[in-house]
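Only one structure is covered here, and it is reproduced in the block below.
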Amino acid sequence: MVRDIATAVAGERAEVKGIMGEGVDPHLYTPTRSDVQLLQAADIVFYVGLLLEGKMSDTLVRIASGGREVYPVTDIMDRSFLLESETYEGLFDPHVWMDVSAWAEAVDAVSAKLGQFDPENAEYYQANAAEYRAQLEELDSYVQRVIGSIPEQQRVLVTAHDAFQYFGRAYGIDVRGIQGLSTESEAGLEDINSLVSFLVQNDIGAVFVETSVADKNVRALIEGAAAQDHEVRIGGELFSDAMGEPGTYRGTYIGMIDHNATVIARALGGEAPAAGLNGNL
Ligand SMILES: [Zn+2]
């Protein structure tokens with residue numbers, strides 16, 4: 001997601017490389033030796049921050065103390081806007097890209113940093129950022145519209161891990177994750193049982209799997225509900241912490257969010273075109 005911003009803003013004035021690819025879980029990702037070499041060779045490094053890349057923290061600190069420009073794109077966000085982690089006291093929920101209008105601030109962060117680093121091209125970066133932000137605005141209103149079209153009692157999103165709290169707050173949908181904020185925490189039997197009761201009591205018919213998280217807990221939910229004669233199906237696969245296949249529409253930030261919103265809305269009884277915002281799905 002960060003790479004996408006950097007690519008849009010830097011345009012032809014930089015070579016942009018991302019470290020984590022499709023289906024990679026950033027909470028668990030440990031940098032390889034070639035990642036470290038890449039970081040050391042870079043002029044400027046952007047990452048999400050808020051401990052999303054928990055196992056890269058030491059490396060990023062080391063690279064920064066070696067004189068590199070290393071910058072978390074969430075630094076610009078007002079702390080009062082950020083959600084606090086329910087699992088880890090004193091920490092923030094890092095999954096801010098799920099709120100498109102908040103993620104647009106990260107675009108400004110990248111544009112400002114690139115402009116400081118390379119002042120000659122600052123205006124070029126600003127213009128690219130403005131163009132990308134306009135696309136994000138359009139995306140944001142699409143998500144508002146399609147999620148808002150889900151009948152109110154069905155507006156509940158149950159997923160494998162707790163990546164969608166910002167999505168829920170921004171677009172008015174109740175969010176329940178089986179695992180905590182980081183995939184490092186294991187879901188207990190108690191968590192699964194209480195979610196099963198919730199599904200049965202509220203007559204929720206669809207839950208969602210994520211591309212970067214194993215789906216065994218979601219399957220346990222479905223079986224648990226079935227044991228109580230309540231049918232729950234998989235509403236679709238969502239991109240939570242990683243985008244889709246490189247070179248495809250779902251392999252972009254806009255494509256990933258478009259996919260998620262469209263799949264969620266359609267599975268929960270809302271109205272959304274099958275091909276999504278721009279007919280690209
Ligand atoms: Zn996550």
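Please read these numbers as outputs of a predicted model, since none were measured by experiment.
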Fill in: Same apolar cluster (I L V M F W Y, side chains within < 4.5 Å links), Leu268/Val156
no
Fill in: Sidechain-backbone polar pair: Arg155 side chain, Asp174 backbone, donor-acceptor under 3.5 Å
no
Worksheet item: If you take all heavy atoms of Phe164 and Leu238, which pair is closest and at what distance?
Response: CZ-CD1, 3.7 Å
Item to complete: Name the orientation class of the two ring planes belonging to Trp103 and Tyr253 (parallel below 30°, tilted from 30 to 60°, perpendicular beyond 60°).
Response: tilted
Discussion item. Determine whether Asn128 and Tyr124 satisfy the following criterion, side-chain contact (heavy atoms from CB on, under 4.5 Å), listing intermediate values before the conclusion.
Written reply: CA-CA 6 Å; Asn128 285 348; Tyr124 172 80; 3.3 Å; yes
Worksheet item: Got Trp97 and Val2 here, is their nearest side-chain heavy-atom distance under 4.5 Å?
Response: no
Practice prompt. Take Asp93 and His95 through the side chain to side chain donor-acceptor pair (under 3.5 Å) test and state the conclusion after the steps.
Written response: CA-CA 6 Å; Asp93 178 345; His95 303 90; 2.8 Å; yes
Item to complete: Determine, step by step, whether Thr7 and Asp4 satisfy the side chain to side chain donor-acceptor pair (under 3.5 Å) criterion, reporting the C-alpha distance in whole Å, the side-chain angles of both residues, the deciding distance to 0.1 Å, and the verdict.
Response: CA-CA 5 Å; Thr7 305; Asp4 240 34; 5.4 Å; no
Practice prompt. Would you check if the side chain of Thr252 reaches a backbone N or O of Thr248 as a donor-acceptor pair within less than 3.5 Å?
Written response: no
Practice prompt. Show your working on side-chain contact (heavy atoms from CB on, under 4.5 Å) between Glu84 and Glu89 and close with a plain yes or no.
Written response: CA-CA 8 Å; Glu84 276 186 44; Glu89 208 183 322; over 6 Å; no
Worksheet item: To the nearest 0.5 Å, what is the distance between CD (Gln154) and CD1 (Ile204)?
Response: 5.5 Å
Discussion item. Please tell me whether Val213 and Val24 are part of a single hydrophobic cluster in this structure, the criterion being side-chain heavy atoms less than 4.5 Å apart.
Written reply: no
Item to complete: Find out whether Tyr125 and Arg13 are in side-chain contact, i.e. whether some heavy atom of one side chain is under 4.5 Å from a heavy atom of the other.
Response: yes
Fill in: Check: Glu190 main-chain N/O paired with Asn193 side-chain donor or acceptor under 3.5 Å
no
Practice prompt. Say whether, by atom type as modelled, one donor and one acceptor occur between the side chain of Arg133 and the main chain of Ala104 under 3.5 angstrom.
Written response: yes
Worksheet item: Taking atom OG of Ser101 and atom CD of Glu137, what is their separation to the nearest 0.5 Å?
Response: 9.0 Å
Worksheet, complete the sentence: Correct closest heavy-atom pair for Asp241 and Pro26 would be CB-CD, 3.4 Å
Worksheet item: Do Asp162 and Arg176 pass the salt bridge (charged side-chain N to carboxylate O under 4.0 Å, His left out) test, and can you show the C-alpha distance, the side-chain angles, and the key distance before you say yes or no?
Response: CA-CA 7 Å; Asp162 225 346; Arg176 310 279 168 126; over 6 Å; no
Worksheet item: Is Glu22 reaching over with its side chain to a backbone N or O of Pro246, donor-acceptor style, under 3.5 angstrom?
Response: no
Worksheet item: Taking the side chain from Glu245 and the backbone from Gly251, do they hold a donor-acceptor pair closer than 3.5 Å?
Response: no
Worksheet item: Who pairs with Glu237 by side-chain contact (heavy atoms from CB on, under 4.5 Å), at least two apart in sequence or on another chain?
Response: Val209, Thr211
Worksheet entry | Residues in ring pair (Phe, Tyr, Trp, His ring centres under 6.0 Å) contact with Tyr171, at least two apart in sequence or another chain | Phe167
Discussion item. Can a donor-acceptor pair be found, under 3.5 Å and without considering hydrogens, that links the side chain of Arg250 to the backbone of Gly255?
Written reply: no
Worksheet item: Are Tyr29 and Val73 co-members of a hydrophobic cluster defined by side-chain heavy atoms under 4.5 Å apart?
Response: no
Fill in: Worked check of side chain to side chain donor-acceptor pair (under 3.5 Å) between Glu271 and Ser149
CA-CA 6 Å; Glu271 282 169 36; Ser149 75; 5.9 Å; no
Worksheet item: Rounded to the nearest 0.5 Å, how far apart are CG of Asp35 and CE of Met56?
Response: 6.0 Å
Practice prompt. Report yes if the side chains of Lys113 and Ile44 come closer than 4.5 Å at any heavy-atom pair, otherwise no.
Written response: yes
Worksheet item: Rounded to the nearest 0.5 Å, how far apart are CG of Leu157 and CD of Gln165?
Response: 9.0 Å
Discussion item. Could you check whether any side-chain heavy atom of Val107 comes within less than 4.5 Å of a side-chain heavy atom of Val9, counting everything from C-beta outward?
Written reply: yes
Practice prompt. Identify the two heavy atoms, one from Ile264 and one from Ile147, that lie closest to each other, and give their separation to 0.1 Å.
Written response: CG2-CD1, 3.9 Å
Item to complete: Determine whether more than 12 heavy atoms belonging to other residues, nucleotides or ligands lie under 6.0 Å from atom CZ of Arg33.
Response: no
Discussion item. On a heavy-atom basis, which atom in Ser240 and which in Ala163 lie closest, and how many Å separate them?
Written reply: CB-CB, 3.9 Å
Discussion item. Main chain of Val218, side chain of Asp215: is a donor-acceptor contact present, judged purely on distance under 3.5 Å?
Written reply: no
Item to complete: Might you confirm whether atom CD of Gln153 has over 12 heavy atoms from other residues, nucleotides or ligands at distances under 6.0 Å?
Response: yes
Practice prompt. Kindly indicate whether the side chain of Leu38, heavy atoms from C-beta on, has any atom under 4.5 Å from the side chain of Lys17.
Written response: yes
Worksheet item: If you measure from OG1 on Thr74 to CG on Leu52, what distance do you get to the nearest 0.5 Å?
Response: 9.0 Å
Worksheet item: Looking only at atom types and distance, does a side-chain atom of Gln144 sit under 3.5 Å from a main-chain N or O of Gly172, one as donor and one as acceptor?
Response: no
Worksheet item: Gly269 and Pro151: which non-hydrogen atoms are nearest, and at how many Å?
Response: O-CD, 3.3 Å
Worksheet entry | Modelled atom types, side-chain donor and acceptor of Asp108 and Ser111, under 3.5 Å | no
Discussion item. Taking Leu28 as the starting point, is it possible to reach Val48 by hopping between hydrophobic residues whose side chains are less than 4.5 Å apart?
Written reply: no
Practice prompt. Walk me through it: do Leu50 and Leu82 pass the test side-chain contact (heavy atoms from CB on, under 4.5 Å)?
Written response: CA-CA 10 Å; Leu50 302 174; Leu82 297 174; 4.0 Å; yes
Worksheet item: If two hydrophobic side chains count as joined below 4.5 Å and joins carry through other members, does Leu60 share a cluster with Ile76?
Response: no
Worksheet item: Does some side-chain heavy atom of Phe46 sit less than 4.5 Å from a side-chain heavy atom of Ile5?
Response: no
Worksheet item: Does the pair His230 and Asp203 meet the rule for a side-chain contact (heavy atoms from CB on, under 4.5 Å), with working shown?
Response: CA-CA 8 Å; His230 177 66; Asp203 198 22; 3.2 Å; yes
Discussion item. Between His259 and Phe239, does the ring pair (Phe, Tyr, Trp, His ring centres under 6.0 Å) criterion hold? Intermediate values first, please.
Written reply: CA-CA 8 Å; His259 166 93; Phe239 298 105; 4.9 Å; yes
Worksheet, complete the sentence: One should read off an interatomic distance between Leu221 CG and Leu195 CG, to the nearest 0.5 angstrom, of 5.5 Å
Worksheet item: With no hydrogens and no angle check, do the side chains of Thr262 and Tyr142 hold a donor and an acceptor under 3.5 Å apart?
Response: yes
Fill in: For Arg3 against Met243, the heavy-atom pair lying closest together
NH2-CE, 3.4 Å
Discussion item. Tell me if a side-chain donor or acceptor on His161 pairs with a main-chain N or O of Ser212 at a distance below 3.5 Å.
Written reply: no
Fill in: Side chain to side chain, Ile254 and Glu138, heavy atoms closer than 4.5 Å
no
Item to complete: May I ask you to say whether Glu231 pairs ionically with Arg233, meaning some side-chain N is under 4.0 Å from a carboxylate O?
Response: no
Worksheet item: Heavy atoms, side chains only, cut-off 4.5 Å: are Tyr47 and Ile19 in contact?
Response: no
